[in-house]
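Naming: A, B, ... by sequence-line order, numbering from 1 per chain. From a predicted model like this one, the values you see are computed outputs, not experimental measurements.
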There are 2 protein chains.
Amino acid sequence: MNRPGIKDVAKLAGVSVGTVSNVINNVPTVTPERIERVNAAIAQVGYVRNAAAKTLRRGVASAVGVLVLDLNNPFFMEAAEGVTDCLSQTESFMLLASTQASVEKEAELLTLLESHAVRGVLLSPAGASLAAAEEIVQRGTPVVLFDSIATPPTMSSVSVDDASGAALAMQHLLGLGHRRIAFLNGPEDVHQSQQRKRGVDTAIARWSGKEAQLITHNLDSYTIRAGAAGMTKLLAEQHPRPTAIFCANDLIAIGASMTAREQGLRIPDDLSIVGFDDIALASQLSVPLTTVHQPMFQLGWRAANLLLEGAIVRHETFSPELRVRRSTAPPS
Amino acid sequence: MNRPGIKDVAKLAGVSVGTVSNVINNVPTVTPERIERVNAAIAQVGYVRNAAAKTLRRGVASAVGVLVLDLNNPFFMEAAEGVTDCLSQTESFMLLASTQASVEKEAELLTLLESHAVRGVLLSPAGASLAAAEEIVQRGTPVVLFDSIATPPTMSSVSVDDASGAALAMQHLLGLGHRRIAFLNGPEDVHQSQQRKRGVDTAIARWSGKEAQLITHNLDSYTIRAGAAGMTKLLAEQHPRPTAIFCANDLIAIGASMTAREQGLRIPDDLSIVGFDDIALASQLSVPLTTVHQPMFQLGWRAANLLLEGAIVRHETFSPELRVRRSTAPPS
DNA sequence: CTGAAAGCGCTTACAG
DNA sequence: CTGAAAGCGCTTACAG
């Protein structure tokens, strides 16, 4: 008992296979009476169209590949929701996989997607080299870079302006009157850390009010644990202690505020804290976190859209927005 | 300039297309000399095998579909890593999508996967009805249920024993000497809440020591916010206050402990807290959380494995494990 | 061990 | 507006 095909439908409806195909694909030339007859036959035999045959014939599948560094990272998943949303208006769908930040895995998956004739792939590159991506682009599969600083002439890209986000956070703290501010940054070799540092420096440099003092620490990861450790070090080393802390992501901010509370500091009364990312947790904390919101959903949406539009290469940068909540206040 | 096919490779290598196919598929009859010649040709023309043609011919794709309720949920994503890991040993790969807990979306995606002739699908059902899944199983696409209490005769399933996990947590608290314990449970209509409540009750009933007192609250969601609100209510209503709290998930536990700390209670000195799930955050908190670990990675791995094994329907339940960390201690 | 050939289930010019 | 037929790129008996 094989799965019913287009032939079975055609026979039952008393039409040719071409007509069945036209009905399935909404070709407008078919008469209403026949459309109905075909649809009835489809329902009766339980016909499900064979995607492989369609792809083989058409030369391109209706899937879009999405390669992220880590499935557990909420950013990528929010972006993935954006991708899904954009694609849901077309007949395309998302094929999601993780490169686990490995360049080899990335190359492997890229080839896999290419072999499946996907319409294109959204790639959050694992390394600095885009060689593997370049290769499949050369052979005809378009790639859109996602959250990458590279802007090659062969691939579109979407990214968030990390520097201006960091500047926004610093301006907020400076504007509130803070003059002794610590910056708990991520690892030095991550491009996001570099951009955020740049934004911080710009904001300080532009500040025309009374001089402000900045203490920068590079942590070894973007985690709660690192944030807590960073805060402990800060409180031990800095006297007087800073009145505000800008953290390079929300997890660091959560770790820092936990440590601060344990040391008896109240937030925001004794210490203001700003995060970055605006993960779901940020607004749920007992003291909701002021943070720099990254438009991940839109980022994913737009990346998918660029892929579907095809043709011209474009590099788009999204502006993050400051979400002021209760973790920041003027210094006491 | 079309993509090179098997014919181009065959011509260049001076062999038939059948031989090229045999080389690609590691059929052991080909002579080493020809294997080398074909591989050289493949590399030279940049051949990438057309997956659609392969699937059409073979009748089944090398993909496995995975349908989860929510991409942002870390459980599903950890399970997805398990699936990926299991599949990486075969030539299969994962096709991941979210049903957004919608029954209609689920039916739609199920059909989509079926049309792609996936080897099978791992499904975390959105509703109580398995009608749509049953349908594709009937037509020949196997389904393995994931984190569902249903155990139909047509589909295998893997799930975690929520009741025994909850019992583990309660036993731990009772064993430490707590006799006045609160249970902050999730919404009543969620099957996980029901099972966890059952486990709590069993543990209390079995407890042969001095009588223990249990206060149960059903929260309206499994979130930090709900946990914080539940804790506030608990502290306002219960005098004397409980000495230990078991929360139906880690997020509730985090919310509860935030509120407790704000009220000046120290953890675990004044209050012991146990969570459920063991999300990544749990071990990273400033007071690492004692919690019930769910083996999501293994769950995903095993589900994928059951699918690949095929044939017999099997229902497997995994046992959660208590991870004792610093948030619990004997009552003072 | 190898090659020639059929055929998987569609889509798409083409002729009528 | 409809049907007959070619062909997408593979895999797989089959004959040699």
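Salt-bridge annotation for B:Glu114 and A:Arg49: absent, with no side-chain N of the basic residue lying under 4.0 Å from a carboxylate O of the acidic one.
For B:Thr29, no side-chain nitrogen or oxygen approaches OP1 or OP2 of C:dT2 to under 4.0 Å. Residue B:Ser16 has a polar side-chain atom (N or O) positioned under 4.0 Å from OP1 or OP2 of C:dG3.
Under the Watson-Crick or G-U wobble criterion, with both distances below 3.5 Å, C:dA4 has no partner in any strand shown. Across all strands shown, D:dA13 forms no Watson-Crick or G-U wobble pair with both distances under 3.5 Å.
Looking at B:Gln294 and B:Asp277, their side chains do bring a donor and an acceptor atom within 3.5 Å of each other. Looking at A:Thr99 and A:Ser102, their side chains never bring a donor and an acceptor atom within 3.5 Å of each other.
Within the 3.5 Å criterion, the main-chain N or O of B:Ser88 finds no donor-acceptor partner in the side chain of B:Ser92. In terms of modelled atom types and a separation under 3.5 Å, the side chain of B:Asn25 and the main chain of B:Asn22 share no donor-acceptor contact.
The six-membered or imidazole ring of B:His293 lies away from that of B:Phe318, with a centre-to-centre distance of 6.0 Å or more.
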Letter per nucleotide, 5' to 3', of nucleotides 9-16 of chain C [B base touched, S only sugar-phosphate touched, - untouched; heavy atoms, 4.0 Å]
BBBB----
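In this structure, CZ of B:Arg34 is placed 8 Å from C1' of C:dC1, rounded to the nearest angstrom.
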